[in-house]
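The block underneath contains the structure these notes are about, expressed in structure tokens.
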There are 4 protein chains.
Amino acid sequence: MAYRRSALMEERLAGNRVRITKAARQLVAQGGFRGASIAAVAKAAGLSTGAIYRYFPSRAALFVEVLEEAVRRECELLTAITGGAGSAEQRLCAAVESFTRRAVEGPNLAYAFIAEPADPQVEAARLLAREAFSDIFKRLLRRGVASGEFPRQSVEVSAACIVGAFTEALAHPAPRAIRRMDSGKRIEAIVEFCRRAVLGRPRATG
Amino acid sequence: MAYRRSALMEERLAGNRVRITKAARQLVAQGGFRGASIAAVAKAAGLSTGAIYRYFPSRAALFVEVLEEAVRRECELLTAITGGAGSAEQRLCAAVESFTRRAVEGPNLAYAFIAEPADPQVEAARLLAREAFSDIFKRLLRRGVASGEFPRQSVEVSAACIVGAFTEALAHPAPRAIRRMDSGKRIEAIVEFCRRAVLGRPRATG
Amino acid sequence: MAYRRSALMEERLAGNRVRITKAARQLVAQGGFRGASIAAVAKAAGLSTGAIYRYFPSRAALFVEVLEEAVRRECELLTAITGGAGSAEQRLCAAVESFTRRAVEGPNLAYAFIAEPADPQVEAARLLAREAFSDIFKRLLRRGVASGEFPRQSVEVSAACIVGAFTEALAHPAPRAIRRMDSGKRIEAIVEFCRRAVLGRPRATG
Amino acid sequence: MAYRRSALMEERLAGNRVRITKAARQLVAQGGFRGASIAAVAKAAGLSTGAIYRYFPSRAALFVEVLEEAVRRECELLTAITGGAGSAEQRLCAAVESFTRRAVEGPNLAYAFIAEPADPQVEAARLLAREAFSDIFKRLLRRGVASGEFPRQSVEVSAACIVGAFTEALAHPAPRAIRRMDSGKRIEAIVEFCRRAVLGRPRATG
DNA sequence: CATGAATGAGAATTCATTCAT
DNA sequence: TATGAATGAATTCTCATTCAT
């Protein structure tokens, strides 16, 4: 007798999936991949270890999904900003500010996902993630250079450097000097650094 | 009657130590700390696992030494450059170029050592390493700002961003677009990015 | 929806725990702590090495529990006897006989647990065990001396000597001459030795 | 060309052998067999690990020899005392006192060698050692019983109990109550315990 | 479908023993 | 002969994955 999967069941399944990814995300943000053992994820999600494997074929696959989910969200926001209204300069600054602000406020996924080595599978996903971030900035830079708003430069390298710059400046644990700064000032300084790096001129004042 | 340790033996011992650290360095550069198990290091060094412990008291201690060695060398070179002759701008560019060139040429330690979490012991060493790099650039920036050669900026953040920028731009595996670039051009672009970021003005041409 | 742990599973878990401690006890009795490696215990219990760690946090903890369990049982019996009815002499003899009889019948834990050095954790537990045995005899001796039934003596030393005397006389592997004795006679002789040692007079004969 | 082993060399060899056994004895006395690794013995003897194997075929063989040496010395002294002049009672007391006094004064070999399990080879040697001690007391007891000075008793068991009694009462770490006693009083109490146990009557006073 | 007990392949580390120098 | 570097098997413990209930 085949059981029909009820709507209720569907919801529960979806809910579990979300709880698992959320738990994984938080654990990775706190202690890196090392701290996010299947047992820990299961406990945090309120499920058994076995249940995890009903939703994900392996630990690596789980983290790939978590990473992709986080990156997708980030990319959507960044794309909205970089493709929005305003001068290229304004959009660049808004994008950097938006990214860094979320990284500072939320648990810092960016760090673990951009930097920490892991399974080859996760590694591949991370490479793609970095490229995805890079690509968004690259498009913006290309347009800015084309319109003459930005000076000529290697947009490939500039995009990667931007990603690297804010990653490092935000990474936990950050150098002591930076940890002491007010986070608003810190974000502003990062934005300013990237602006200067791309535009090659000081902020127009007055 | 004590037997004197022969010169030959001395050499062999020193050679083993070097082989171990070299193997560790390469394995970390390739696959992170995870891939650098004692067994793997021993095999790569052409020794048994037990032999490693004759040279290093623990796995963590081995990696701390490898890290510190790499950082020390790098810092000496950077300090020589940033404290040398020329304008602040010239010294900044020379420092970035020097660092990136070595990173491109050698196996990329910077990546694993600046970013990847590991043992608490290694973690502590890495934090110090990042601060050490940062400090060197910070001093240079501070002097440049003081002399009026560089515009006012948060030297803390700028220094961290510089380190992050070239780390990311060099990190293996780098984005495809960058890997395709000629390494000379890549280095030049990175230098140029940092120069603009700090000076906030285009390169004076002709 | 939490699945209730079935009664069957409960039983199996409890059974495993018992099998583990039993295996540990037997192995220690046979070959000391040295022979009771986790692998050996697991094999004897019909489990994998990993499974042991679901029941005990460490090898030391396992042995501490086994020791404490054995000592607790023994102390309860001894206390019941030494605090029971009859003259102090009768209770002393009954206690020694009870202890030695069980030691002869069961696998000889007393030996390993009273004598063999091991982990600091186990060591601490063993010291307490020896003192626990000693204390029971000490109380009995003290009362006997106070009532005038026993001659004046160092109850500290006498208690320790009693424990040592029967431990040695029972220890596996015992001297050949003793192993050849009928166990009933052996027990009787041990009891008699302790009786004389404490009372300092021959058994009153009808 | 065959080298004749010079007298000087002979002496050095003998000296090394003694240094090794002495180092082993001390280390075992301090930390049991566990603490007496070949490396530790070699270091304490001022030799290399390899050199140990020139004098002893294995670690076990070394400890067997050390044990046998200690036991031989002890047995000689005990035999001299138990076979000497005086009443059986006097000789019993003198023997117990002599043994316990040396155990208290010297590093406590008795403990490790009488009680601690080790290699099967050492185990066998220890069994023999215990029997050797036992035998000496057994002979004394037998003569005392034969002459009517001691009451009838199982000399096998009594001898083992005597060995066990003083071993326990001397064992490090001894129960707290005993450790606090003055060592002279402790020895006296042990002797008295054994005397009463064998003779079954209080010390004749006055 | 959910559970979590069990598995078993490593991981780091230790140490008796060997052997080139 | 003495040295001590090197070996490698053994040990404790971890954790992704499986599967009986």
Side-chain angles (χ1 to χ4, degrees), chain A residues 3 5 9 12-13 16 34 36-43 46-60 62 119, chain B residues 1-10 12-13 16 34 36-42 46-60 62 119, chain C residues 1-10 12-13 16 34 36-42 46-60 62 119, chain D residues 3 5 9 12-13 16 34 36-43 46-60 62 119:
Chain A
Y3 281 77
R5 194 178 272 180
M9 178 62 87
R12 195 178 64 180
L13 294 186
N16 281 349
R34 262 247 160 78
S37 67
I38 287 290
V41 171
K43 191 177 176 186
L47 289 167
S48 66
T49 57
I52 306 291
Y53 286 86
R54 194 150 292 279
Y55 297 92
F56 298 92
S58 73
R59 187 175 179 260
L62 164 59
D119 275 41
Chain B
M1 197 177 301
Y3 276 67
R4 209 170 300 282
R5 193 179 273 181
S6 73
L8 222 69
M9 178 58 90
E10 287 283 8
R12 190 168 59 143
L13 293 189
N16 281 348
R34 260 223 140 98
S37 68
I38 288 289
V41 171
L47 289 168
S48 65
T49 58
I52 305 293
Y53 288 87
R54 182 161 283 279
Y55 295 89
F56 298 93
S58 71
R59 186 174 178 261
L62 164 59
D119 270 46
Chain C
M1 198 176 301
Y3 276 67
R4 209 170 302 283
R5 192 179 274 180
S6 73
L8 223 71
M9 178 58 90
E10 287 284 8
R12 189 167 59 143
L13 293 189
N16 281 348
R34 260 221 139 101
S37 68
I38 287 289
V41 171
L47 288 168
S48 65
T49 58
I52 305 295
Y53 288 87
R54 181 163 283 279
Y55 295 90
F56 298 93
S58 72
R59 186 174 179 262
L62 164 59
D119 271 46
Chain D
Y3 281 78
R5 194 178 272 183
M9 177 61 88
R12 193 179 64 177
L13 293 187
N16 281 349
R34 262 252 162 73
S37 67
I38 287 289
V41 171
K43 191 177 177 187
L47 289 167
S48 65
T49 58
I52 305 291
Y53 287 85
R54 194 151 292 281
Y55 297 91
F56 298 92
S58 72
R59 186 174 179 261
L62 164 59
D119 274 43

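Quantities reported herein were computed from a predicted structural model and do not represent experimental measurements. Reckoned from all heavy atoms, side chains included, excluding hydrogens, waters and symmetry mates. Residue numbering restarts at 1 for every chain, and letters A, B, ... go by the order of the sequence lines.
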Quiz: residues 48-56 of chain D side-chain donor-acceptor pairs under 3.5 angstrom, not counting sequence neighbours:
{"from": "D/Ser48", "atom 1": "OG", "to": "D/Ala51", "atom 2": "N", "distance (Å)": "3.2"}
{"from": "D/Tyr55", "atom 1": "OH", "to": "D/Asn16", "atom 2": "ND2", "distance (Å)": "2.9"}

Does A/Ser48 place a side-chain N or O at less than 4.0 Å from the phosphate oxygens OP1/OP2 of E/dT3?
yes

A/Tyr55 near the nucleic acid: base, sugar-phosphate alone, or nothing, with a heavy-atom cut-off under 4.0 Å?
sugar-phosphate

Give the rounded distance in Å between these two atoms: CD1 of B/Ile52 and P of F/dA6.
10 Å

Please compare C/Gly46 and A/Arg54 by the position of their nearest nucleotide in DNA chain E and report the one closer to 5'.
A/Arg54

In which ranges does DNA chain E form stems of 3 or more consecutive Watson-Crick or G-U pairs, distances under 3.5 Å?
E:2-21 with F:2-21

Considering just the side-chain nitrogens and oxygens of A/Asn16, establish if one lies under 4.0 Å of OP1 or OP2 belonging to E/dC1.
no

By the 4.0 Å heavy-atom rule, please label A/Leu47 as base, sugar-phosphate, or nothing.
sugar-phosphate

Between protein and nucleotides 14-21 of chain E, map the contacts as a letter string: B base, S sugar-phosphate only, - none, heavy atoms under 4.0 Å, written 5' to 3'.
BBSBB---

